[in-house]
**Student:** 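Dumping the structure here so I can ask a few things about it.
These figures come from a predicted structure and were not determined experimentally. These numbers come from the heavy atoms of this one structure, side chains and all, not from hydrogens, waters or symmetry mates.
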Amino acid sequence: MTYHFRQALLAMRGNLTATLGTLTTMTLTLLMLGGVLLLTLNVNRTLEGLESQVEVAAFLEGEADGAALLRQVEALPGVREAQLVPSEAVLAEMTRDYPSTAEAAKLVGNPFPDTLRVRVGRVEDSRPVAQAVERLPGVEDVEYGAGYVDQAVRTLTTVRAAGYGLVALLFAGTLLSILNAVRVAMYARRREISVMRLLGATRGFIRTPHVIEGVLLGTLSSALALAVLAPGYLALAERVAAFAPVFPVVRDQGTLLPLLGAVAMLGILTGLAGSLFATQRYLRELE
(Lines give C-alpha, C1' and ligand atoms only; values in the text may rest on other atoms or scores of the structure.)
Protein backbone atom coordinates (compact mmCIF):
# COMPACT_ATOMS: atom_id res chain seq x y z
CA MET A 1 0.00 0.00 0.00
CA THR A 2 2.93 2.34 0.68
CA TYR A 3 4.04 1.84 -2.92
CA HIS A 4 0.61 2.76 -4.22
CA PHE A 5 0.43 5.92 -2.12
CA ARG A 6 3.89 6.95 -3.25
CA GLN A 7 2.97 6.40 -6.89
CA ALA A 8 -0.26 8.40 -6.43
CA LEU A 9 1.65 11.33 -4.93
CA LEU A 10 4.24 11.16 -7.71
CA ALA A 11 1.48 11.20 -10.32
CA MET A 12 -0.16 14.22 -8.71
CA ARG A 13 3.16 16.07 -8.55
CA GLY A 14 4.12 15.08 -12.09
CA ASN A 15 0.82 16.42 -13.47
CA LEU A 16 0.60 19.46 -11.23
CA THR A 17 -1.44 21.58 -13.65
CA ALA A 18 -4.11 18.93 -14.15
CA THR A 19 -4.11 18.17 -10.42
CA LEU A 20 -4.59 21.81 -9.43
CA GLY A 21 -7.27 22.28 -12.09
CA THR A 22 -9.19 19.25 -10.87
CA LEU A 23 -8.78 20.26 -7.23
CA THR A 24 -10.03 23.77 -7.95
CA THR A 25 -13.00 22.55 -9.94
CA MET A 26 -14.00 20.01 -7.30
CA THR A 27 -13.63 22.55 -4.48
CA LEU A 28 -15.77 25.11 -6.30
CA THR A 29 -18.35 22.44 -7.09
CA LEU A 30 -18.57 21.32 -3.48
CA LEU A 31 -18.79 24.94 -2.35
CA MET A 32 -21.67 25.51 -4.73
CA LEU A 33 -23.32 22.26 -3.72
CA GLY A 34 -22.99 23.06 -0.02
CA GLY A 35 -24.29 26.57 -0.63
CA VAL A 36 -27.29 25.28 -2.55
CA LEU A 37 -28.04 22.65 0.10
CA LEU A 38 -27.81 25.23 2.88
CA LEU A 39 -29.97 27.61 0.87
CA THR A 40 -32.50 24.84 0.26
CA LEU A 41 -32.47 23.98 3.95
CA ASN A 42 -33.30 27.57 4.82
CA VAL A 43 -35.86 27.79 2.01
CA ASN A 44 -37.61 24.71 3.37
CA ARG A 45 -37.54 26.22 6.87
CA THR A 46 -39.06 29.41 5.45
CA LEU A 47 -41.73 27.39 3.64
CA GLU A 48 -42.54 25.60 6.87
CA GLY A 49 -42.99 28.99 8.50
CA LEU A 50 -45.26 30.06 5.65
CA GLU A 51 -47.26 26.86 5.95
CA SER A 52 -47.98 27.62 9.59
CA GLN A 53 -49.23 31.09 8.66
CA VAL A 54 -50.93 30.71 5.29
CA GLU A 55 -54.66 30.29 5.62
CA VAL A 56 -57.31 29.97 2.92
CA ALA A 57 -60.42 31.88 3.99
CA ALA A 58 -63.69 30.97 2.23
CA PHE A 59 -66.57 33.42 2.80
CA LEU A 60 -69.94 31.67 2.63
CA GLU A 61 -73.22 32.91 1.25
CA GLY A 62 -75.97 33.63 3.75
CA GLU A 63 -78.04 30.50 2.98
CA ALA A 64 -75.07 28.13 2.61
CA ASP A 65 -74.89 24.93 4.68
CA GLY A 66 -71.63 25.51 6.53
CA ALA A 67 -71.41 22.04 8.06
CA ALA A 68 -71.82 20.32 4.68
CA LEU A 69 -69.26 22.60 3.08
CA LEU A 70 -66.84 21.90 5.92
CA ARG A 71 -67.04 18.16 5.24
CA GLN A 72 -66.44 18.72 1.52
CA VAL A 73 -63.44 20.96 2.16
CA GLU A 74 -61.88 18.50 4.62
CA ALA A 75 -62.03 15.82 1.91
CA LEU A 76 -60.07 17.93 -0.61
CA PRO A 77 -56.47 16.84 -1.34
CA GLY A 78 -53.88 19.09 0.22
CA VAL A 79 -56.11 20.20 3.12
CA ARG A 80 -54.50 19.69 6.51
CA GLU A 81 -57.16 21.27 8.70
CA ALA A 82 -60.45 23.12 8.21
CA GLN A 83 -62.63 25.04 10.63
CA LEU A 84 -66.05 26.67 10.33
CA VAL A 85 -66.15 30.06 12.06
CA PRO A 86 -69.66 31.56 12.53
CA SER A 87 -70.19 35.19 11.64
CA GLU A 88 -70.62 36.10 15.32
CA ALA A 89 -67.17 34.68 16.14
CA VAL A 90 -65.65 36.58 13.21
CA LEU A 91 -67.24 39.80 14.48
CA ALA A 92 -65.90 39.15 17.97
CA GLU A 93 -62.37 38.64 16.61
CA MET A 94 -62.53 41.78 14.51
CA THR A 95 -63.86 43.77 17.47
CA ARG A 96 -60.99 42.53 19.61
CA ASP A 97 -58.42 43.52 16.99
CA TYR A 98 -60.18 46.67 15.79
CA PRO A 99 -62.43 48.14 18.53
CA SER A 100 -64.05 50.57 16.11
CA THR A 101 -65.69 47.58 14.39
CA ALA A 102 -68.19 47.34 17.26
CA GLU A 103 -69.49 50.84 16.58
CA ALA A 104 -69.90 50.06 12.89
CA ALA A 105 -71.73 46.80 13.69
CA LYS A 106 -74.24 48.70 15.84
CA LEU A 107 -75.14 50.85 12.85
CA VAL A 108 -75.23 48.31 9.99
CA GLY A 109 -75.36 44.97 11.79
CA ASN A 110 -72.88 42.16 11.46
CA PRO A 111 -71.21 42.56 8.03
CA PHE A 112 -69.15 39.38 8.27
CA PRO A 113 -70.34 36.07 6.77
CA ASP A 114 -69.69 32.59 8.09
CA THR A 115 -66.14 31.68 7.17
CA LEU A 116 -64.28 28.47 6.46
CA ARG A 117 -60.64 28.69 7.50
CA VAL A 118 -58.49 26.12 5.77
CA ARG A 119 -54.86 25.21 6.41
CA VAL A 120 -52.91 23.33 3.74
CA GLY A 121 -50.25 20.67 4.06
CA ARG A 122 -47.80 22.54 1.83
CA VAL A 123 -47.69 26.19 0.94
CA GLU A 124 -47.63 25.20 -2.76
CA ASP A 125 -51.13 23.75 -2.29
CA SER A 126 -52.62 27.13 -1.38
CA ARG A 127 -53.69 28.09 -4.90
CA PRO A 128 -55.12 24.65 -5.93
CA VAL A 129 -57.03 24.37 -2.66
CA ALA A 130 -58.35 27.92 -2.95
CA GLN A 131 -59.53 27.27 -6.52
CA ALA A 132 -61.21 24.01 -5.50
CA VAL A 133 -62.98 25.67 -2.55
CA GLU A 134 -64.10 28.60 -4.68
CA ARG A 135 -65.91 26.24 -7.06
CA LEU A 136 -68.04 24.76 -4.28
CA PRO A 137 -71.69 25.90 -4.28
CA GLY A 138 -72.40 28.25 -1.41
CA VAL A 139 -68.92 29.85 -1.39
CA GLU A 140 -69.09 33.54 -2.25
CA ASP A 141 -65.41 34.44 -2.25
CA VAL A 142 -61.99 33.02 -1.31
CA GLU A 143 -58.90 34.81 -0.02
CA TYR A 144 -55.43 33.39 0.68
CA GLY A 145 -53.01 36.26 0.07
CA ALA A 146 -52.37 35.33 -3.56
CA GLY A 147 -50.02 38.23 -4.25
CA TYR A 148 -47.72 37.29 -1.38
CA VAL A 149 -47.96 33.49 -1.32
CA ASP A 150 -47.69 32.88 -5.07
CA GLN A 151 -44.76 35.25 -5.45
CA ALA A 152 -42.95 33.69 -2.49
CA VAL A 153 -43.46 30.15 -3.85
CA ARG A 154 -42.29 31.13 -7.35
CA THR A 155 -39.20 32.87 -6.02
CA LEU A 156 -38.17 30.06 -3.69
CA THR A 157 -38.81 27.38 -6.33
CA THR A 158 -36.78 29.30 -8.94
CA VAL A 159 -33.87 29.73 -6.54
CA ARG A 160 -33.78 26.01 -5.79
CA ALA A 161 -34.05 24.99 -9.45
CA ALA A 162 -31.31 27.40 -10.55
CA GLY A 163 -29.00 26.20 -7.79
CA TYR A 164 -29.50 22.53 -8.63
CA GLY A 165 -28.94 23.21 -12.34
CA LEU A 166 -25.67 25.03 -11.64
CA VAL A 167 -24.45 22.25 -9.37
CA ALA A 168 -25.26 19.63 -12.02
CA LEU A 169 -23.15 21.51 -14.59
CA LEU A 170 -20.28 21.88 -12.14
CA PHE A 171 -20.39 18.18 -11.27
CA ALA A 172 -20.21 17.28 -14.94
CA GLY A 173 -17.15 19.51 -15.25
CA THR A 174 -15.61 17.96 -12.14
CA LEU A 175 -15.98 14.42 -13.45
CA LEU A 176 -14.42 15.43 -16.77
CA SER A 177 -11.52 17.06 -14.90
CA ILE A 178 -10.93 13.90 -12.85
CA LEU A 179 -11.10 11.74 -15.97
CA ASN A 180 -8.61 14.00 -17.69
CA ALA A 181 -6.20 14.13 -14.73
CA VAL A 182 -6.18 10.35 -14.28
CA ARG A 183 -5.85 9.67 -18.00
CA VAL A 184 -2.93 12.10 -18.26
CA ALA A 185 -1.22 10.40 -15.31
CA MET A 186 -1.74 6.95 -16.82
CA TYR A 187 -0.57 8.12 -20.24
CA ALA A 188 2.61 9.51 -18.70
CA ARG A 189 3.23 6.07 -17.20
CA ARG A 190 2.13 4.12 -20.26
CA ARG A 191 5.52 2.43 -20.75
CA GLU A 192 5.70 1.47 -17.09
CA ILE A 193 2.12 0.15 -17.26
CA SER A 194 2.98 -1.90 -20.37
CA VAL A 195 5.95 -3.45 -18.58
CA MET A 196 3.83 -4.18 -15.52
CA ARG A 197 1.26 -5.92 -17.69
CA LEU A 198 3.95 -7.99 -19.39
CA LEU A 199 5.20 -9.02 -15.95
CA GLY A 200 1.71 -10.19 -15.01
CA ALA A 201 0.50 -7.28 -12.88
CA THR A 202 -3.25 -7.41 -12.33
CA ARG A 203 -5.63 -4.67 -13.32
CA GLY A 204 -6.29 -3.92 -9.69
CA PHE A 205 -2.58 -3.43 -8.97
CA ILE A 206 -2.21 -1.03 -11.91
CA ARG A 207 -5.36 0.92 -11.10
CA THR A 208 -4.83 1.29 -7.34
CA PRO A 209 -2.43 4.31 -7.40
CA HIS A 210 -4.76 6.22 -9.71
CA VAL A 211 -7.82 5.35 -7.64
CA ILE A 212 -5.96 6.60 -4.57
CA GLU A 213 -5.15 9.79 -6.51
CA GLY A 214 -8.86 10.36 -7.17
CA VAL A 215 -9.75 9.73 -3.52
CA LEU A 216 -6.98 12.10 -2.37
CA LEU A 217 -8.27 14.80 -4.72
CA GLY A 218 -11.80 14.29 -3.42
CA THR A 219 -10.64 14.40 0.21
CA LEU A 220 -8.57 17.55 -0.28
CA SER A 221 -11.33 19.33 -2.15
CA SER A 222 -13.85 18.36 0.56
CA ALA A 223 -11.57 19.68 3.29
CA LEU A 224 -10.99 22.96 1.44
CA ALA A 225 -14.69 23.39 0.69
CA LEU A 226 -15.74 22.80 4.30
CA ALA A 227 -12.98 25.09 5.58
CA VAL A 228 -14.55 27.91 3.57
CA LEU A 229 -18.20 26.91 3.71
CA ALA A 230 -18.74 26.30 7.43
CA PRO A 231 -17.31 29.53 8.88
CA GLY A 232 -18.64 31.57 5.96
CA TYR A 233 -22.17 30.27 6.44
CA LEU A 234 -22.12 30.75 10.21
CA ALA A 235 -20.89 34.34 9.83
CA LEU A 236 -23.58 35.07 7.24
CA ALA A 237 -26.24 33.42 9.40
CA GLU A 238 -25.32 35.64 12.34
CA ARG A 239 -25.60 38.75 10.18
CA VAL A 240 -28.97 37.69 8.79
CA ALA A 241 -30.25 36.87 12.27
CA ALA A 242 -29.11 40.30 13.50
CA PHE A 243 -30.46 42.40 10.64
CA ALA A 244 -33.48 40.32 9.59
CA PRO A 245 -34.62 38.25 12.60
CA VAL A 246 -37.89 37.46 10.82
CA PHE A 247 -36.07 34.87 8.66
CA PRO A 248 -35.69 31.48 10.41
CA VAL A 249 -32.01 30.90 9.60
CA VAL A 250 -30.79 27.38 10.45
CA ARG A 251 -27.84 27.45 12.84
CA ASP A 252 -28.20 24.35 15.04
CA GLN A 253 -25.34 21.86 14.76
CA GLY A 254 -27.66 18.86 14.77
CA THR A 255 -28.98 19.97 11.38
CA LEU A 256 -25.82 21.45 9.86
CA LEU A 257 -23.28 18.73 10.69
CA PRO A 258 -25.01 15.87 8.77
CA LEU A 259 -25.43 18.15 5.75
CA LEU A 260 -21.79 19.23 5.76
CA GLY A 261 -20.72 15.62 6.29
CA ALA A 262 -22.78 14.60 3.26
CA VAL A 263 -21.04 17.26 1.16
CA ALA A 264 -17.62 15.95 2.23
CA MET A 265 -18.58 12.35 1.56
CA LEU A 266 -19.94 13.27 -1.85
CA GLY A 267 -16.62 14.88 -2.76
CA ILE A 268 -14.70 11.74 -1.80
CA LEU A 269 -17.14 9.49 -3.68
CA THR A 270 -16.91 11.72 -6.75
CA GLY A 271 -13.13 11.39 -6.77
CA LEU A 272 -13.40 7.63 -6.32
CA ALA A 273 -16.01 7.16 -9.04
CA GLY A 274 -14.18 9.38 -11.53
CA SER A 275 -10.86 7.63 -11.05
CA LEU A 276 -12.42 4.15 -11.28
CA PHE A 277 -14.16 5.05 -14.52
CA ALA A 278 -11.06 6.68 -16.02
CA THR A 279 -8.74 3.78 -15.21
CA GLN A 280 -11.23 1.23 -16.49
CA ARG A 281 -11.61 3.04 -19.81
CA TYR A 282 -7.90 3.56 -20.28
CA LEU A 283 -6.95 -0.05 -19.57
CA ARG A 284 -9.70 -1.20 -21.92
CA GLU A 285 -8.25 1.01 -24.67
CA LEU A 286 -4.83 -0.58 -24.18
CA GLU A 287 -6.19 -4.06 -24.86
Side-chain angles (χ1 to χ4, degrees), residues 38-161 237 240-252 254-255:
L38 289 169
L39 177 62
T40 303
L41 182 66
N42 285 279
V43 165
N44 291 336
R45 183 68 62 89
T46 303
L47 287 175
E48 290 175 3
L50 281 175
E51 288 168 359
S52 64
Q53 299 175 18
V54 172
E55 183 178 80
V56 178
F59 307 111
L60 308 185
E61 298 174 353
E63 68 280 2
D65 186 347
L69 283 171
L70 177 62
R71 289 192 294 270
Q72 294 181 58
V73 169
E74 288 176 334
L76 292 174
V79 173
R80 176 164 55 92
E81 179 185 352
Q83 179 185 13
L84 175 62
V85 183
S87 58
E88 294 80 8
V90 177
L91 177 60
E93 291 179 4
M94 294 299 295
T95 301
R96 182 180 63 249
D97 296 334
Y98 306 98
S100 58
T101 305
E103 300 298 327
K106 290 179 182 178
L107 297 175
V108 299
N110 186 353
F112 302 106
D114 292 344
T115 303
L116 282 174
R117 293 178 179 172
V118 184
R119 294 191 179 275
V120 295
R122 301 181 307 158
V123 68
E124 296 91 339
D125 296 331
S126 300
R127 175 181 284 273
V129 168
Q131 292 174 343
V133 173
E134 193 172 17
R135 289 192 293 267
L136 295 176
V139 175
E140 183 176 357
D141 193 16
V142 173
E143 175 62 41
Y144 68 100
Y148 168 69
V149 174
D150 291 345
Q151 183 63 35
V153 171
R154 281 196 298 269
T155 301
L156 296 175
T157 302
T158 301
V159 168
R160 282 190 294 188
V240 172
F243 291 102
V246 67
F247 290 104
V249 182
V250 178
R251 290 186 292 175
D252 55 290
T255 303

**Student:** Applying side chain to side chain contact (heavy atoms under 4.5 Å, CB included) between L70 and each of L116, D114, L60, report the one that passes.
**Tutor:** L116

**Student:** What's the shortest heavy-atom distance between N42 and L38, and which atoms?
**Tutor:** ND2-O, 2.7 Å

**Student:** Taking distance alone, no hydrogens or angles, what donor-acceptor pairs closer than 3.5 Å link side-chain atoms of residues 133-142 to residues at least two apart or in another chain?
**Tutor:**
none

**Student:** Check V129 against P77 and note the closest heavy-atom contact, atom names and distance.
**Tutor:** CG2-O, 3.8 Å

**Student:** Return the set of residues passing side chain to side chain donor-acceptor pair (under 3.5 Å) with R251 (not counting sequence neighbours), or none when no residue passes.
**Tutor:** none

**Student:** If every non-hydrogen atom of A132 is compared with every non-hydrogen atom of L76, which pair is closest and at what distance?
**Tutor:** CB-CD1, 4.0 Å

**Student:** Do you know the tightest heavy-atom contact between A82 and V73?
**Tutor:** CB-CG1, 4.0 Å

**Student:** Can you see which heavy atom on A64 is nearest to which on L69, and at what distance?
**Tutor:** CB-CD1, 4.0 Å

**Student:** Search all heavy atoms of A57 against all heavy atoms of T115 and return the closest pair with its distance.
**Tutor:** CB-CG2, 4.2 Å

